[in-house]
There are 2 protein chains.
Amino acid sequence: MQSSITKVLKAVADPTRREIFHALVVAATAMPITQISGQFQMSRQGITKHLRTLEEAGLVQIHTKGRERFCFADPLPLKEVNHWLKFYERFWDTKLQDLSSYLDSKSD
Amino acid sequence: MQSSITKVLKAVADPTRREIFHALVVAATAMPITQISGQFQMSRQGITKHLRTLEEAGLVQIHTKGRERFCFADPLPLKEVNHWLKFYERFWDTKLQDLSSYLDSKSD
DNA sequence: TTAATATGCAACTATATGGTTGCAAATATA
DNA sequence: TATATTTGCAACCATATAGTTGCATATTAA
C-alpha cells in the first residue's frame, strides 16, 4: 500500500485538488459537492473524483445528509508533510555541494 | 506549463524520488549516476528518469565531468512547498468544521 | 404522485507515469 | 589500439491519472 505521506503529497501535487482544498479551507464550512463543483469549469464527476482522492489522503472529510454530501477540509495531514520538510530546512540556504570539490577531484 | 510548485510536489510525491533525494542530501557530495543507482534495486535507467524529474523540479543539479555526470541535491525549491504549507499551519489543530453547524442547518 | 435535484456508478478516452531492455556514443584505462 | 565504463536515447509495456458522458437511484419539493 501507499504510505500516508505519499498519498498526501500525491493529493496536493495536483493543482485542481489544491484549489478545491483551498476553497474548502477558506470557506471554513461544509459544502455539498454540487456547490463546490459550481466554482470550477470541470464537470461535477471530475470534481467528485478529486474529492475522493483528497478524502483518501485525509485532507477532506465527507458526511452525508439526505441527498447531499457535505465536504469540509481537514488540514491535519499536512502536518506530516511539514515534518518531512523540516529535516531539509537547514539546507535551504546553504549550498550542499561546492563545485570545486569534485571538479578538481581527478587531478589529485 | 506546469507551475513550479506543482513540479516540486509531483517530484517528491514519488517515494523512490524522495529516497534518491534524501540519499544525495545526507551524502552532502556530488555522486555520479551509476554510484547512485548502485544503492537501489531499480535499473540505472529507472534512476536516471527519476533524477531528470528531480532536476526539472530544481531539487537536483547535475554537472558533467568527462564521461560521468555528478548529481547533488539542492533543497532550495522545498522552501516554496514550505511557504505553501505555512498558510494551513494555523488550521492543523483546530477543527475547521463543527458537525453540528450543518447537521442542524435544515431544521431552522 | 410527479418533477426536480444531488449523487454514485460504470464505461470510455487520452495522456502521464514508472519501469524495463537494447544499443550506440563518448570517455577512460590497459 | 583494444577494451571497459558511464551514459543517453529510443522503443516498449503496464498501469495510473485526469477527465468526460450516460444512466440509475435516492431524496426533496411541488
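All chains are named by letter (A, B, ...) in the order of the sequence lines, taking the proteins before the strands, and each is independently numbered beginning at 1.
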Margin query: How many whole angstroms separate atom CG of B:Leu51 from atom P of D:dT6?
Written below: 15 Å

Margin query: Under 4.0 Å, heavy atoms only, any strand: does B:Gly66 hit a base, just the sugar-phosphate, or nothing?
Written below: sugar-phosphate

Next item on the list: Check whether the side chain of A:Gln45 and the base of C:dG8 form a donor-acceptor pair under 3.5 Å.
Entry: yes

Check: Separation of B:Phe70 atom CZ from D:dT7 atom C1', in whole Å?
Finding: 13 Å

Note to self: Testing the basics here: between A:Leu24 and A:Cys71, what is the closest heavy-atom pair and its distance to 0.1 Å?
What the structure shows: CD2-O, 3.6 Å

Check: Quick one: side-chain contact (heavy atoms from CB on, under 4.5 Å) partners of A:Glu80, sequence neighbours excluded?
Finding: A:Ser4, A:Ile5

Notebook entry, point to check: In whole Å, what is the span from the CD atom of B:Gln35 to the C1' atom of D:dT5?
Noted result: 14 Å

Check: salt bridge (charged side-chain N to carboxylate O under 4.0 Å, His left out) with B:Glu89: which residues, sequence neighbours excluded?
Finding: B:Lys86

Next item on the list: Could you work out which one of D:dC9, D:dT7, C:dT27 sits closest to the side chain of B:Pro32?
Entry: D:dT7

Considering only nitrogen or oxygen atoms on both sides, find all protein atoms under 3.5 Å from nucleotides 15-18 of chain D and state each distance.
unit_1 : atom_1 : unit_2  : atom_2 : d
D:dA18 : OP1    : A:Asp14 : OD2    : 3.2
D:dA18 : OP1    : A:Arg17 : NH2    : 3.2
D:dA18 : OP2    : A:Arg17 : NH1    : 2.9

Next item on the list: Starting from P on D:dT6, measure out to CD on B:Glu68 and report it in whole angstrom.
Entry: 7 Å

Next item on the list: Would you kindly compare A:Ser43 and A:Arg67 by the position of their nearest DNA chain D nucleotide and give the one closer to the 5′ end?
Entry: A:Ser43

Next item on the list: Establish, with yes or no, whether the OP1 or OP2 oxygen of D:dG8 is under 4.0 angstrom from a side-chain nitrogen or oxygen of B:Arg69.
Entry: yes

Next item on the list: Can you tell me the distance, in whole Å, between the CZ atom of B:Arg44 and the C1' atom of C:dG22?
Entry: 11 Å

Check: Within 45° of the six-membered ring axis of B:Tyr88 and under 6.0 Å from that ring's centre, is NZ or CZ of B:Arg90 located there?
Finding: no

Notebook entry, point to check: Expressed in angstrom and rounded to an integer, what is the separation of B:Ile47 atom CD1 from D:dG8 atom P?
Noted result: 13 Å

Notebook entry, point to check: Pairs in or reaching into residues 11-22 of chain B: which pass side-chain hydrogen bond (donor to acceptor under 3.5 Å, both in side chains), with residues at least two apart or in two chains?
Noted result: A:Thr6-B:Arg18, B:Arg17-B:His50

Notebook entry, point to check: If every non-hydrogen atom of A:Phe72 is compared with every non-hydrogen atom of A:Ala30, which pair is closest and at what distance?
Noted result: CB-CA, 4.0 Å

Note to self: Check this one for me: any side-chain N or O of B:Arg52 less than 4.0 Å away from OP1 or OP2 of C:dT17?
What the structure shows: no

Checklist line | Separation of D:dT20 P from A:Phe40 CZ (nearest whole Å) | finding: 13 Å

Check: In whole angstrom, what separates A:Ile36's CD1 from C:dG8's C1'?
Finding: 15 Å

Notebook entry, point to check: How is A:Thr34 classified with respect to the nucleic acid when contacts are heavy atoms under 4.0 Å: base, sugar-phosphate, or nothing?
Noted result: sugar-phosphate

Could you list the donor-acceptor pairs under 3.5 angstrom formed by side chains in residues 34-48 of chain B, with sequence neighbours left out?
unit_1  : atom_1 : unit_2  : atom_2 : d
B:Ser37 : OG     : B:Thr34 : O      : 3.2
B:Ser43 : OG     : B:Gly46 : N      : 3.1
B:Thr48 : OG1    : B:Arg44 : O      : 3.0

